[in-house]
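Note sheet for the following structure.
Each chain gets a letter, A, B and so on, in the order its sequence line appears, and its residues count up from 1. Hydrogens, waters and symmetry mates are skipped; everything else that's a heavy atom, side chains included, is used.
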2 protein chains.
Amino acid sequence: MGVKYTEFFKMYSDKFGVPEEEWLKLEEVLTEKSFKKGELLTRPGDNFMQLAVVIKGLFRLFYIGQEGREYVKTFRGEGEIAGPYAEILLDIPSRTFIEAMEDSQVLLLSFEDFVKFGEGHQCWKTIRYEMAEEHFVQKEKREFELLQLSAAERYNNFLVEKSHLVDRIPQYHVASYLGITPVALSRILKKIK
Amino acid sequence: MGVKYTEFFKMYSDKFGVPEEEWLKLEEVLTEKSFKKGELLTRPGDNFMQLAVVIKGLFRLFYIGQEGREYVKTFRGEGEIAGPYAEILLDIPSRTFIEAMEDSQVLLLSFEDFVKFGEGHQCWKTIRYEMAEEHFVQKEKREFELLQLSAAERYNNFLVEKSHLVDRIPQYHVASYLGITPVALSRILKKIK
DNA sequence: GCAGGATATTAACCTCGGTTAATTAACTAT
DNA sequence: ATAGTTAATTAACCGAGGTTAATATCCTGC
């Protein structure tokens, strides 16, 4: 039993009744990879079809607009999927930069392998829709916040939702995640305190 | 073969190889329902656990903020799912108003039934993840637009993406969908032309 | 401990979109 | 057709957040 057996997978095992032998098969196709702080998992154009599960560390997913500005889509910490999920589903090259914000480790699982597993044991299909549904619900929440909340309110939500990550993320990246500039976030903080 | 056999289901039949007998079983549990213009499919608090597929007509999904303002989440036309998808997945009461913008018809399929089918033939699980993945991709696109584009740019995208619906939706609802006021949209239109 | 770079704060000014309210245009129904 | 309602436009004013730039603070490596 190697390092590969993460909490992440045990969680699924309980939840979806993945039998022992399926886990062992899966382990065969997993590979581990390390990233130093600042290194990229993908950049736009990369053909990266892997669901990278974060074992340790923290990643930032962002794109760069025409004017060269960065837009942080989300952060992914331990137990979460750092790969370019939407692009993998759409079977297109990455549109996002995915950067390690700390020294990090991921477990790589090619989506192709994952799909093949789904043709075998049912449990993998279950995991597949659970994963998608969870991602959807998350995005709908974000839509709600972007549509309806002020930047200050979004910041408060962020503090609650990502409390475990707050002190690992510099303020200017938080600002970008909220859809505002670092200057604006600084102003908000001043008012709150 | 009743009205129930819609294009929508035939589409899935081709795509995911749903066998004839599974369709027939499904048809048993489908019910059809009509809505007059202005009638509600759900309002917040309703326990509505049905994937309502639109056969004919157009629905508007929106919530109302604390200050009483409406926020249009999305529109659902023929072939799309009008039910409160996120809430169904989360197994919570509806948080949204879902209003028929025209005289409409939907095909009701309780999520419970749908899940039961998934325990039978595999194809239903496939449809389940396809549905979730499609919804996710859609929302990620919306996130991108809300984060990165100006209201004018979002309007242009809207014209392209929902070209088939544009002339069926009053301008002030489009504005709400874009996250701006009718006044602001009117100003944008003036500039463009 | 110090130098250089990365983050954060603050101020001055600008722009986009919100708010209110008045006006006009477009639909409905009788 | 006409009145009444609903939708869209326009104008005047305001405020949140963007932009630029200067300053201050915090890191990090040597």
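Atom NZ of B:Lys191 and atom C1' of D:dT9 are 15 Å apart (whole Å). Note: NZ (A:Lys190) to C1' (D:dT23) measures 13 Å, nearest angstrom. Taking atom CG on A:Asp167 and atom P on C:dT7, their separation rounds to 16 Å, with Å as the unit. When the C1' atom of D:dA16 is taken as reference, atom CD1 of B:Ile180 falls 16 Å away, rounded to whole Å. Distance B:Gln148 CD to D:dG18 P: 14 Å, rounded to the nearest Å. If you measure from atom CG of B:Leu185 to atom P of C:dT19, you get 15 Å, rounded to the nearest angstrom. Between the C1' atom of C:dA26 and the CD atom of B:Gln171 lies a distance of 12 Å, rounded to the nearest Å. With rounding to whole Å, B:Lys36 atom NZ is found 17 Å from C:dT28 atom C1'.
Residue B:Ser150 has its side chain nearest to C:dG17 when only D:dT19, D:dA11, C:dG17 are considered. With C:dG18, D:dT20, D:dG18 as the choices, the nucleotide that has an atom nearest any side-chain atom of A:Thr181 turns out to be D:dG18. You'll find that the side chain of B:Leu189 is closest to D:dT9, out of C:dG17, D:dT9, C:dT19. When distances are taken from the side chain of A:Ser186 to each of D:dG17, C:dT10, D:dT10, the shortest belongs to C:dT10. Nearest nucleotide to the side chain of A:Ala184, out of C:dG17, C:dT20, D:dG18: D:dG18. Out of D:dG17, C:dT7, C:dG17, the shortest distance to the side chain of A:Pro170 is found at C:dT7.
The OG1 atom of A:Thr96 sits 4.5 Å away from the NZ atom of A:Lys73 when rounded to the nearest 0.5 Å.
Aromatic ring centres of A:Phe97 and A:Phe62 lie closer together than 6.0 Å. A distance below 6.0 Å separates the ring centres of B:Phe136 and A:Tyr85.
Among B:Ile55, B:Leu108, B:Val106, the single residue meeting the side chain to side chain contact (heavy atoms under 4.5 Å, CB included) criterion with B:Glu32 is B:Ile55.
A donor atom on one side chain and an acceptor atom on the other are found under 3.5 Å apart for B:Gln122 and A:Lys125.
A residue-by-residue look at B:Arg187 and A:Lys37 shows that B:Arg187 has its nearest nucleotide of DNA chain D further toward the 5' end.
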